[in-house]
Amino acid sequence: MPEVAEYTVPVEGMTCASCSARIEKNVSKLPGVKEINVNLASERARVVLDAATTWEQVVERIEKTGYTVPTREVELNIEGMTCASCVARIEKVVGRLDAVKSVHVNLASEKAHIEYVPGIIQDEDLLKAVEKAGYSATFASQTAAEDEKLRKQRQYKKEVITFWGGVILTLPLVIQLFYELFGGQAFMPNWVSWLLATPVEFYVGWRFYIGAYHSLRGGAANMDVLVALGTGVAYFYSVVLMLLGSSNIYFDTSATVVTLIYMGKLLETKAKAKSSSAVESLAKLGAKVAHVIRDGNEADVPVEELQVDDVVRVRPGEKIPTDGVVLEGTSAVDESFLTGESMPVEKAVGDTVVGAAVNQTSAFMMKVTKVGADTALSQVIRLVDQAQGSKAPVQRLADQISGIFVPIVLGISLVTLLAWGLITGNWSHALFAAVAVLVIACPCSLGLATPTAIMVGTGLGAESGILIKGGEHLEQAHKVNTVVFDKTGTITSGKPAVTDVWTTDVSTEELIASAAALESQSEHPLGAAVVTYAKDKKFTINTAVNVKAIPGKGIEGTVGEQTIRIGNRRWLEETGIHEFPDEVLNNYENAAKTAILVASSEKLLGVLAIADTIKQDAKQTVDELKGLGIDVWMITGDNERTASAVAAQVGIDHVIAGVLPADKASKVDELRKGGKIVAMVGDGINDAPALATADIGIAMGTGADVALEAADIALMHGSTQGVADAIKLSKSTMRKIRQNLFWAFFYNVLGIPLAAFGILSPIIAGAAMAFSSVSVVSNSLILKRLKLGTS
């Protein structure tokens with residue numbers, strides 16, 4: 001079995017859906033390519049291949065198709081070099097890495113400049129290679145991603161200036177056009193119009209000519225071909241007419257169309273940046289500096305230099321620098337960036353903390369357990385990044401159409417030209433209609449319809465603690481008609497707690513004080529629930545002596561001058577107590593609660609009811625799911641009576657009880673075979689087989705349990721509301737995708753005939769084409785208004 005590798009590389013030069021379809025078609029022809037997904041919105045290609053094909057061959061094929069896989073340059077600060085042989089050693093070791101194009105190490109400045117292909121290797125691989133060579137390295141710039149962002153910002157600003165230059169040159173032509181439409185005469189000589197239109201056509205519009213060249217060289221035709229051909233024909237035809245002395249020139253048409261489409265591309269770029277802002281905002285969350293304790297001294301170091309087992313001080317108001325465990329102190333921590341839950345979480349010695357969370361109340365010491373790519377934040381960023389670059393199955397139809405769309409449009413344009421020219425003899429009007437067909441038919445909106453919605457949807461989910469691991473899972477989740485909840489840790493909190501207290505002639509505080517005195521010396525989980533209850537109520541816990549556990553019966557000890565026993569009814573009867581509140585005990589048992597009896601040596605003092613408490617939002621979640629038309633089931637290893645009692649409290653109608661963990665998957669499979677689309681909700685560990693079997697596996701974690709491999713959707717919190725939110729998000733995203741695809745198809749189906757029949761001018765067609773792409777991306781951005789219960 002050949003080894004399978006997966007790479008995600010950036011691709012530059014794509015302008016429409018036919019570009020991505022063409023790359024997929026060409027790359028998939030390579031023998032070792034198992035899967036290829038090209039995302040127009042994120043401008044990335046995800047490739048899965050085996051040993052039969054190398055990543056170099058994939059890059060070469062992409063570039064032969066007419067597009068560019070850009071390299072990234074980073075600068076490292078290197079410590080430990082002493083001579084020229086050190087330089088040679090580092091250059092040799094780093095240069096051996098896959099995807100490294102060049103490496104130059106400067107001994108004097110102690111820096112290394114490296115150029116490599118991102119996606120094939122990661123930034124961390126460069127640091128590890130330098131360490132392998134025997135030296136230490138850190139990034140000179142904060143992150144390569146920020147450098148890339150700055151490069152794109154500079155490029156965008158340059159394009160904005162180019163656009164406004166086009167506007168200034170085009171404006172006189174547009175004014176003259178409207179003046180002539182209202183009966184006036186042209187006020188500029190033809191040669192002036194030519195001087196104004198030429199820089200617009202070949203400077204502002206140069207990107208379309210370059211794109212068209214690369215596309216045709218790759219054996220395909222894309223949006224750039226349509227724009228370059230349409231405006232170029234209008235321009236050169238006008239040049240010929242000008243030289244022949246005709247006054248019917250179309251310089252205003254070519255210049256205006258180029259400027260309008262260029263504007264559309266700028267707006268599209270800005271909107272696409274907003275649609276992918278989730279990863280960028282997550283990346284900004286991390287702390288920059290950590291207060292490390294080394295050799296008894298505190299020093300401030302960049303977070304990138306932290307190592308596992310370092311001890312770090314975190315002050316109030318600061319961001320926690322990385323993942324770790326509290327060594328000393330207590331505090332409240334805001335983890336809302338990860339879980340979506342706004343309430344701070346109390347942290348004490350031994351508790352885990354995650355990087356980028358905000359320490360709110362007190363300083364504490366922590367030991368570093370994870371750094372770099374292993375931290376919770378890094379894993380979240382990676383999962384969101386992968387999801388945003390993925391492709392939903394619904395996009396296949398759009399891709400298939402895009403692959404044949406441009407050639408069909410070229411054919412329609414040619415037929416339009418010949419039909420008008422041969423039938424009417426008016427070749428100027430024939431050209432006018434043919435150019436309009438070319439300009440209006442660009443399939444940009446078709447290619448952006450699905451990926452922009454997925455990028456916004458997965459980003460919105462991440463902000464609310466819902467990690468959807470790919471477009472295919474986002475699409476599948478909206479079809480779910482059955483949700484199966486595991487009980488313990490999902491519907492319930494997974495921790496026993498005191499829910500009811502019944503007393504005889506003593507106060508509740510007296511009863512709890514005595515019970516907690518014994519249980520504080522016990523290791524039984526039900527005993528811990530009693531102690532926790534006493535502390536929560538701020539009751540004074542008495543002192544107990546001679547405490548001993550009686551196996552199978554309970555615990556006894558002396559509190560003050562009384563012998564106190566806590567245990568079951570049979571044991572207390574053996575000690576001479578025979579009066580019990582039977583109705584109270586039956587009520588507790590019917591509600592699936594464990595009744596613990598507390599007695600002195602003479603009489604019963606009271607009864608404590610302990611149960612695995614139901615999560616506060618469980619009933620609301622079940623009601624919400626039912627409101628969405630979804631059947632809700634519960635599966636548990638508990639007995640029928642306990643399971644039914646819990647289900648009744650939250651409104652679940654279907655219960656599967658007495659199921660061993662290993663058998664949960666087969667029960668889920670039975671539901672699927674019955675024609676149901678099943679989402680399984682569990683804790684992501686002992687429910688892994690069931691999560692993997694379901695159509696959609698939803699794992700509920702704590703902030704640090706990020707990479708739950710068996711699940712398709714990971715909830716970064718313990719709130720059941722996230723289940724309903726994930727399905728609502730999926731439905732809303734799919735609704736946006738359907739709207740986008742409808743308008744993209746509708747626009748072309750309506751626009752092409754209108755242009756072919758000469759009803760639309762090329763200028764209006766250019767404006768409409770620019771508007772179509774922007775409208776699709778803007779419609780996707782409306783998703784950000786969706787209110788999720790966990791946010």
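With a 6.0 Å radius and a threshold of 12 heavy atoms from other residues, nucleotides or ligands, Lys626 has its NZ atom above the threshold. Annotation for Glu670: atom CD counts as buried by contact number, over 12 foreign heavy atoms lying within 6.0 Å.
Under a 3.5 Å cut-off, the side chain of Asp669 and the backbone N or O of Ala665 do not form any donor-acceptor pair. Counting only distance, with no hydrogens or angles, the side chain of Asp323 and the backbone of Thr375 share no donor-acceptor pair below 3.5 Å. Thr361 contributes no side-chain N or O that, together with a main-chain N or O of Ser331, makes up a donor-acceptor pair within less than 3.5 Å. Side chain of Ser520 to main chain of Ala516: a donor-acceptor pair is present (N/O by atom type, distance under 3.5 Å, no hydrogens or angles). Under a 3.5 Å cut-off, the side chain of Lys731 and the backbone N or O of His478 do form a donor-acceptor pair. In this structure, Lys615 contributes its side chain and Thr490 its backbone to a donor-acceptor pair below 3.5 Å. Within the 3.5 Å criterion, the main-chain N or O of Gly324 finds no donor-acceptor partner in the side chain of Lys367. No donor-acceptor pair under 3.5 Å is formed between the side chain of Thr503 and the backbone N or O of Thr508. Although no hydrogens or angles enter the test, the distance criterion places no donor-acceptor pair under 3.5 Å between the side chain of Ser601 and the main chain of Thr563. Put simply, the side chain of Ser464 never gets that close to the backbone of Ile466: no donor and acceptor are under 3.5 Å apart.
What you find for Ala290 and Pro321 is that their closest heavy atoms are CB-CB, 3.7 Å. The two atoms that bring Ile635 and Val484 nearest to each other are CG2-CG1, 3.7 Å, heavy atoms only. Between Ala517 and Ala544, the closest heavy-atom pair is O-CB, 3.6 Å. The two residues Leu511 and Val501 make their nearest non-hydrogen contact at CD2-CG1, 3.7 Å. Across Ala534 and Ile512, no two heavy atoms sit closer than the pair CB-CG2, 3.5 Å. The two residues Asp351 and Glu346 have their closest heavy-atom pair at OD2-O, 3.9 Å.
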Quick one, Ile320 with Phe364, criterion side chain to side chain contact (heavy atoms under 4.5 Å, CB included). Give me CA distance, side-chain angles, the key distance, then yes/no. CA-CA 10 Å; Ile320 296 170; Phe364 63 85; 4.0 Å; yes

Residue pair Arg569, Asp582: steps toward the side chain to side chain contact (heavy atoms under 4.5 Å, CB included) verdict: CA-CA 11 Å; Arg569 180 170 180 161; Asp582 292 328; 2.8 Å; yes

Verify side chain to side chain contact (heavy atoms under 4.5 Å, CB included) between Ile491 and Ile652, making sure each step is shown before the conclusion. CA-CA 10 Å; Ile491 292 292; Ile652 294 178; 4.0 Å; yes

Test Thr720 against Met700 for side chain to side chain contact (heavy atoms under 4.5 Å, CB included), laying out the working first. CA-CA 8 Å; Thr720 59; Met700 301 183 73; 4.2 Å; yes

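With respect to Glu574 and Arg570, no salt bridge is recorded, no charged nitrogen being found less than 4.0 Å from a carboxylate O. Checked for salt-bridge contact, Lys728 and Asp725 meet the test: a charged N lies under 4.0 Å from a carboxylate O. Comment: Asp695 does not engage Lys676 in a salt bridge, judged by the lack of any side-chain N to carboxylate O separation of less than 4.0 angstrom. Contact check on Asp505 versus Lys603 returns a salt bridge, with a Lys/Arg side-chain nitrogen under 4.0 Å from an Asp/Glu carboxylate oxygen.
Side-chain contact check for Asp712 versus Gln476: every heavy-atom pair is 4.5 Å or farther apart. Within the 4.5 Å cutoff, no side-chain heavy atoms of Thr733 are placed close to those of Leu786. Using a 4.5 Å heavy-atom cutoff, the side chains of Leu715 and Val723 are in contact. Met734 is not listed as a side-chain neighbour of Lys479, based on a closest heavy-atom distance of 4.5 Å or more. Annotation: side chain of Thr322 is not in contact with side chain of Val312 (no heavy-atom distance under 4.5 Å). Between Phe485 and Leu625, the closest side-chain pair of non-hydrogen atoms falls below 4.5 Å. Put simply, the side chain of Lys664 does not reach to within 4.5 Å of the side chain of Ile656, judged on heavy atoms. Side-chain contact between Val607 and Pro581 is present, with at least one heavy-atom pair separated by less than 4.5 Å.
The salt bridge (Lys or Arg N to Asp or Glu O under 4.0 Å) check on Asp617 picks up nothing, with sequence neighbours excluded.
Between the CG atom of Asp653 and the OG atom of Ser644 there is a distance of 11.5 Å, given to the nearest 0.5 Å. Taken from CD1 in Ile696 to CD in Glu475, the straight-line distance is 10.0 Å, to the nearest 0.5 Å. Remark: Glu328 CD to Met365 CE distance equals 6.0 Å, nearest 0.5 Å. The structure places CG of Asn546 at 9.5 Å from CD of Gln521, a figure rounded to the nearest 0.5 Å. Interatomic distance, Glu556 CD to Ser600 OG, rounded to the nearest 0.5 Å: 12.5 Å. Atom CD1 of Ile727 is separated from atom CG of Asn481 by 10.0 Å, given to the nearest 0.5 angstrom.
The ring pair (Phe, Tyr, Trp, His ring centres under 6.0 Å) analysis of residues 618-640, with sequence neighbours excluded, yields the pairs Trp633-His654.
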